[in-house]
Amino acid sequence: MHMLPKSRTFFPAEIGVKLLLKNPRFRILLDLSEKTSKNFKILNPKCYRSNGMEQLNSSPPAAGPPGRAPQGASSRQLAHLYDRRYFHGQNSGYPSEGYAASHPDWAAWLEAISVIREAGRLVDLGCAYGYLVQEARSRGYSAFGIDISPYALSQLPSARPYVLQANLQAGALPLKTASADVVALFDILEHLNDPLNCLKEAVRLLGTEGLVVGTTPDPIFFQRSEATHLSEHPPSYWVEAMERLGLQVQFRFSGEAYNFQFVAAKRGSDTAGRLNLFQHDYIGGQVDILQVEGPLSAVLRHGWGRPEASGRIIIARPASVYLLNSTNAPLRARLKVSVLRGCPSFGRLVVQLGGFPLDELYFTSEKTSYALDCELLIPCGGQHLFFDTTPAEAQVFVNEIKIEATPAPRKALTLTLPFDLYSRYQHAAEMASILRPESILDVGGFLGDEKGHLAISQDFFWTAPTEAEKDAQQPIVRSTDLKNCDHPSHIPAPAWNQPFKDCSFDLLISLDVLEHIGGEQRVAYLAELDRVARNWIILGAPFDSQEVRAAEKRLSASVMQSHVFLREHSELGLPTCELVEQFFKNRSGYHILQFPNSHLLRWEILQILTQHYFQIRNGSAARQFNVLYNRYFSQLDRAEPCYRKIFLIAKQRLSRHQEQGLNELVGGSFSSFSELDLASFAAFHQHLHQVLLRRDAALSDLQFLINEREKLIEILQSRRHGRKTFWRSLGTAARALFHRGRSGN
């Protein structure tokens, strides 16, 4: 990797303008103002001892264990952190042989850059030893590099005249505005405490037709823990950040699934018009299998072979396509997939959105071409389409993937969510609409499973149906969770340690989190909610009672044996209502309201039905089932005896209007079915019937093929036996003739 650390302090000012003027190579780039001259140094090889590891007149801080820089570390401390130990793997992912033995080959990147932006002035921010600077200069670029590590900058003698030591966290870089044609940000953003400042500086340095290139790991796929990675963010975060700075962005994933690579240029520039040449595994304008229409970005991610005339073969299961919905509303999409089947002649292709199955194709006949056509709802942020084949050796060529996307109302998405998720969030959203907060934090707000999120918190708490309406009318909504979510508004953080100042949000919401926290941390969690909330807290959870324990025990012993959340409830023990009441009653002026949520009997029945319906693994059927229940029955679940209780803790007196509105949220009325409702219910089961008929037909076709193969095997075995008998008889006759000849007969 190609790395740079973080700091909030300026470089010492002992090296100033006079030294810079002695180095004419940098005059074309350097801003020699007194302000900016304080945060950088030109490297002078004479300032280093013969071993290149220690700077004269600059004793480093006492060496502690290799790892993360202390908060507020000085530039000297940071330079020491990124010393020889770092570049030889003691606190990084480098091998012990060192960076020199494993540094990237920059040839492919420079080829790509030259296609999009011709040779010019290149600045490599976080240049490490300077290999990119060296190779770029050999290809005609006027290349320079910046890094904080004096050790790294002293390792490549041929690059020393073209590199300088500077701190990317120190505010403005010592370079002139619009002085660069290419700014490289390879594996540095994740090392900065404030990477957005570095991005702003990159844009400032960029000429009108300039190009920004870089890489950074996607933490959702990056499994290694790096102590110096201070700002790992998913792709949606970086794309939004660059677009806010006026850049047009093209990205891909290459080499490793976590390796997020991007090119960007100023919106409207000629360079921006050439960014689409930056494709999954090639640079060029040829048509690939993926075609997208509408406000959606989509790129191939993992598991695809090289492009061929017949398409791309799936070489790793599951192959994936990354979808990025950068709008503020869900997207309704039509997905069309054309497939050419290879060998064997039977098998199956399953297409999923995250962990949610959409549709499947059965390769059971003598056909070689198949088509899949389905609808899906794509939440905001980053998602994945997964293409999985069985058996593993099935050769499947995907000829085309076409996606047509249009904005959809948020309600259209939330109604399709599992009933238990919808029930608690819709209840909280109705409370929030009465309280009318300007800012909301959802603690534990990852709404999904291990393969991706199903929705984001603002889908419930934003009342405008589409992004076309003014976002200024909506509250600021953010979420935190131990799980990382590919959305810019989400921050990974434990519930009991939130990365916000006191009273940062008007309303804090935390639903079904308390029961997953054990021991004394429950009190710490409640205290953290109280600290960050300015006015209100909405806290929901299943609370301990004999009836709730019995219902969970029955489910754990039957249809939900594999569900982790029930096992955690049993191991940690459900919390008590008294814990919450006593904690907040001890605070002066607080008011506590309690609401039943999820009628216990219906909750248990729906959990059982859900397991059976979802085992069909058909996305359309699952969505229809969820919509029917959520639309017509959900409000009936706000009654005792309940599975879950929702507390509203108000830090100040509620108004009469607020109290009246909240009281109306207890209980609910039944909405009678109309003819349309009954038609929807019938359509749902008709769809289930068609899915099962199609699977029965596929199984029958498969059984027919198996029978035919068995007949063919019997015929071949019979022929083989006949051939053996023939050759055996022929051999016997030949031996007899041979013996007769020898005996003279």
Side-chain angles (χ1 to χ4, degrees), residues 417-428 431 442-449 480-483 494-498 508-530 533 537-586 590 592-611 634 637-649 666:
L417 299 176
F419 83 95
D420 200 28
L421 178 62
Y422 178 85
S423 175
R424 60 185 185 260
Y425 268 92
Q426 182 60 27
H427 205 165
M431 295 182 194
D442 183 7
V443 178
F446 178 84
L447 310 183
D449 57 20
T480 62
D481 200 297
L482 282 173
K483 295 180 179 178
W496 54 89
N497 186 15
Q498 295 295 294
L508 245 69
I509 293 170
S510 192
L511 303 173
D512 285 24
V513 176
L514 179 59
E515 70 273 21
H516 295 285
I517 299 173
E520 297 180 356
Q521 277 188 323
R522 286 181 174 174
V523 174
Y525 157 75
L526 295 176
E528 190 70 348
L529 299 185
D530 187 36
I537 300 170
I538 295 177
L539 172 63
F543 288 94
D544 188 44
S545 72
Q546 183 176 348
E547 295 79 10
V548 171
R549 288 198 307 273
E552 288 196 344
K553 185 176 181 180
R554 286 192 293 269
L555 292 175
S556 297
S558 56
V559 296
M560 299 180 70
Q561 296 179 20
S562 62
H563 284 246
V564 176
F565 81 94
L566 290 177
R567 187 161 62 248
E568 285 190 357
H569 292 186
S570 176
E571 292 172 353
L572 299 175
L574 293 174
T576 63
C577 290
E578 290 74 21
L579 172 68
V580 176
E581 291 170 345
Q582 290 301 321
F583 182 89
F584 289 107
K585 278 182 179 179
N586 291 333
Y590 283 31
I592 303 175
L593 299 178
Q594 190 178 133
F595 301 84
N597 181 269
S598 295
H599 184 270
L600 184 58
L601 177 60
R602 282 193 287 273
W603 178 86
E604 186 174 356
I605 292 173
L606 260 292
Q607 290 289 7
I608 295 171
L609 288 176
T610 295
Q611 301 308 308
S634 180
D637 285 339
R638 300 172 186 177
E640 297 283 2
C642 62
Y643 173 71
R644 177 186 299 104
K645 293 184 185 293
I646 297 180
F647 286 90
L648 171 62
I649 299 100
V666 178

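Taking E640 as the reference, K645 meet the side-chain hydrogen bond (donor to acceptor under 3.5 Å, both in side chains) condition, with sequence neighbours excluded. Taking the side-chain contact (heavy atoms from CB on, under 4.5 Å) definition, one finds that E520 meets it with nothing, sequence neighbours left out. For the ring pair (Phe, Tyr, Trp, His ring centres under 6.0 Å) test, no residue two or more places apart in sequence or in another chain qualifies with Y525. D481 is linked by a side-chain hydrogen bond (donor to acceptor under 3.5 Å, both in side chains) to nothing, counting only residues two or more places apart in sequence or in another chain. Not counting sequence neighbours, the partners of D637 by the side-chain contact (heavy atoms from CB on, under 4.5 Å) test are H599, R602, Y629. Every side-chain contact (heavy atoms from CB on, under 4.5 Å) that D544 has, sequence neighbours left out, goes to R549, L574, T576.
To the nearest 0.5 Å, the span separating CD1 on I517 from CG on L572 amounts to 9.5 Å. The structure places NE2 of H427 at 11.5 Å from OH of Y422, a figure rounded to the nearest 0.5 Å. In this structure, CD on Q611 lies 11.0 Å from CG on L606, to the nearest 0.5 angstrom. Here the straight-line distance linking atom CG of L539 with atom CG of D530 works out to 11.5 Å at 0.5 Å rounding. Taking SG of C642 as the start and CH2 of W603 as the end, the distance is 11.5 Å to the nearest 0.5 Å. In this structure, E604 CD and L555 CG are separated by 5.0 Å, a value rounded to the nearest 0.5 Å.
The shortest non-hydrogen separation linking G540 to R644 is C-CG, 4.5 Å. Between G573 and R522, the shortest heavy-atom contact is O-NH2, 2.5 Å. For I646 against R424, the heavy-atom pair with the smallest separation is CD1-O, 4.1 Å. Nearest heavy atom pair, residue I538 against residue A428, reads CD1-O, 3.9 Å. Annotation for I592 and K585: closest pair CD1-CG, 3.9 Å, computed over non-hydrogen atoms.
Between F565 and D512, every side-chain heavy-atom pair lies at or beyond the 4.5 Å cut-off. Side-chain contact between L579 and L526 is present, with heavy atoms from C-beta onward closer than 4.5 Å. For the pair N597 and S423, the minimum side-chain heavy-atom distance is below 4.5 Å. Between L529 and S510 there is a side-chain heavy-atom pair separated by less than 4.5 Å. Under the 4.5 Å side-chain criterion, counting only non-hydrogen atoms from C-beta, M431 is not in contact with I509.
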Please lay out, stage by stage, how D420 and Q607 fare under the test side chain to side chain contact (heavy atoms under 4.5 Å, CB included). CA-CA 9 Å; D420 200 28; Q607 290 289 7; 3.9 Å; yes
Might you work through the side chain to side chain contact (heavy atoms under 4.5 Å, CB included) test for V580 and L514, ending with a clear yes or no? CA-CA 10 Å; V580 176; L514 179 59; 4.0 Å; yes
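Taking the six-membered ring for Trp and thresholds of 30 and 60 degrees, H516 and H569 have ring planes inclined between 30 and 60 degrees apart.
Of the N and O atoms on the side chains of Q426 and S634, not one donor lies less than 3.5 Å from an acceptor on the other residue. Checking Y643 against E552 by side-chain atom types alone, a donor-acceptor pair falls below 3.5 Å.
Ring centroids of F543 and F647 are separated by less than 6.0 Å, placing the two rings close together.
Under a 3.5 Å cut-off, the side chain of E528 and the backbone N or O of Q498 do form a donor-acceptor pair.
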